[in-house]
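Read the structure below first, then the notes.
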Amino acid sequence: MTIAPEAGTKAKSVPTQSTYQNRVADYWNAEENPVNLELGKLDDLYHHHYGIGNADRSVLDEPDPELRRERVTAELHRLEHAQAELLAASLGPLSPADRVFDAGCGRGGGSVVANLRYGCHADGVTISEKQAEFANAQARKRGIDGRVRYHHRNMLDTGLESGAYAASWNNESTMYVELDLLFAEHARLLRRGGRYVVITGCYNDTYGRASREVSLINAHYICDIHPRSEYFRAMARNRLVPVHVEDLTEAAIPYWELRREADHLVTGIEDTFIDAYRNGSFQYLLIAADRV
């Protein structure tokens, strides 16, 4: 049975591809990372991704420890919000009548950003029941729950309506799934001419095999980072034609350098990201593609 986008926010059961995906769901159901929660509390926009742009490092010069903490948190949130705005701006011209799909929506910030920009309807999907419930509560709090809904489902098999979406995206969530399965679902959901956008970390396969740093990132997040070339091959196999590719690697480094100095937010993976970006083995890309 096809489940329309207007249907309820939670499926009775979530189909999983593997035991691994169950482990991923368990991870995100238990996750209470301050780097996600403290930043989101500033304006109730909870982003589960990193930031881009030049960081205002003067926040580190604040002598008062509590005020320094607040200023650093706000600056990191500004950088992550800039990333979300870049993705939303890449979705193409949208109207309030259009529907968009947020695959691996986390706590829902990306769908809210798209709704605020375009007034569009949004469906977010996450394998974490806890995240879906949190995101729906935020939509109700904002009074947009009639247009923005979050579903506890698998982004590889959403049950949402075929061809109903003008745009869709993944924001740092592709490393948890097989790309062919993922892009096949996006191609099914998008109408002809619809826009798909992904922002992701990928390993640079001109460098060779995945580097030590990439392996450490995989272990830290229980993920499997894909090689850069596989994104383009899998898109070609699934009727997604890239129209814009942007290397955001250099733009991402200031976020990580600032986060490394935030004692209340560090997770221990900051230096690994910086080293991987700088040695060329890891890249941070935006790819926009049209569904043909």
Side-chain angles (χ1 to χ4, degrees), residues 1-7 11 13-25 28 49 87 90-92 94 98-106 110-111 114 120-128 131-132 149-203 205 218 222-245 285-292:
M1 179 179 69
T2 298
I3 303 172
E6 294 82 7
S13 62
V14 176
T16 53
Q17 183 191 344
S18 63
T19 301
Y20 164 73
Q21 286 195 328
N22 286 324
R23 288 191 62 207
V24 171
W28 288 111
H49 55 72
L87 190 154
S90 302
L91 295 174
L94 297 171
D98 286 323
R99 306 197 75 89
V100 299
F101 170 59
D102 182 356
C105 62
S111 293
C120 56
H121 297 261
D123 286 293
V125 165
T126 171
I127 203 169
S128 164
Q131 287 183 342
R149 295 181 175 90
Y150 301 95
H151 310 268
H152 176 217
R153 303 180 193 173
N154 189 329
M155 63 179 161
L156 302 181
D157 182 19
T158 65
L160 298 172
E161 184 181 353
S162 297
Y165 296 87
S168 65
W169 69 89
N170 284 91
N171 198 348
E172 294 182 13
S173 54
T174 54
M175 62 286 298
Y176 290 103
V177 294
E178 295 180 41
L179 292 183
D180 270 305
L181 296 175
L182 175 67
F183 293 159
E185 183 68 351
H186 279 285
R188 184 186 71 79
L189 293 172
L190 286 169
R191 68 193 185 197
R192 184 180 290 271
R195 173 65 53 83
Y196 170 69
V197 178
V198 57
I199 294 182
T200 188
C202 53
Y203 79 77
D205 36 3
N218 280 336
I222 320 177
C223 65
D224 187 13
I225 292 167
H226 303 290
R228 179 181 62 183
S229 62
E230 185 55 24
Y231 281 88
F232 300 97
R233 293 193 183 103
M235 284 183 180
R237 292 190 291 263
N238 289 282
R239 306 183 69 175
L240 296 172
V241 179
V243 294
H244 177 71
V245 179
L285 296 186
L286 180 151
I287 306 169
D290 286 344
R291 197 277 198 195
V292 299

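Heavy atoms only: backbone and side chains are in, while hydrogens, waters and symmetry mates are out.
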Q. What is the distance from atom CG of Leu160 to atom OG of Ser168, rounded to the nearest 0.5 Å?
A.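 Atom-to-atom, Leu160:CG and Ser168:OG are 11.0 Å apart.
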
(Q) Working to the nearest 0.5 angstrom, can you tell me the gap between Leu285 CG and Ile199 CD1? (A)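 Reported value, rounded in 0.5 Å steps: 10.0 Å.
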
Validation row: [X], [Y] side chains within 4.5 angstrom (heavy atoms):
X: Tyr203; Y: Ser229; answer: no
X: Met155; Y: Leu182; answer: yes
X: Leu91; Y: Trp169; answer: yes

Q.
Restricting to side-chain hydrogen bond (donor to acceptor under 3.5 Å, both in side chains), what partner residues turn up for Arg291, sequence neighbours left out?
A.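 With sequence neighbours excluded, Arg291 shows a side-chain hydrogen bond (donor to acceptor under 3.5 Å, both in side chains) to no residue whatsoever.
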
Q. Who are the side-chain hydrogen bond (donor to acceptor under 3.5 Å, both in side chains) partners of Tyr231, not counting sequence neighbours?
A.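 side-chain hydrogen bond (donor to acceptor under 3.5 Å, both in side chains) list for Tyr231, sorted by chain: Thr174, Thr200.
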
Q | side chain to side chain donor-acceptor pair (under 3.5 Å), paired with Asp290, selected from Arg239, Arg192, Arg195 | A |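 That would be Arg195; it is the only one of Arg239, Arg192, Arg195 passing the side chain to side chain donor-acceptor pair (under 3.5 Å) with Asp290.
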
With no hydrogens and no angle check, is any side-chain donor or acceptor of [X] less than 3.5 Å from a backbone partner on [Y]?
X: Asn170; Y: Ala103; answer: yes
X: Asn238; Y: Leu240; answer: no
X: His121; Y: Arg149; answer: no

Q: State plainly whether the residues Glu230 and Arg237 are in salt-bridge range, i.e. N to O under 4.0 Å.
A: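 Answer for the salt bridge query: yes.
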
Q.
Assess, by modelled atom type and distance only, whether the side chains of Arg153 and Thr158 contain a donor and an acceptor separated by less than 3.5 Å.
A.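 No pair is found: no donor N or O on one side chain lies under 3.5 Å from an acceptor on the other.
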
Q) Does His186 have any ring pair (Phe, Tyr, Trp, His ring centres under 6.0 Å) partners at least two apart in sequence or in another chain, and if so, which? A)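 Result, ring pair (Phe, Tyr, Trp, His ring centres under 6.0 Å) vs His186: Phe101, Tyr196.
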
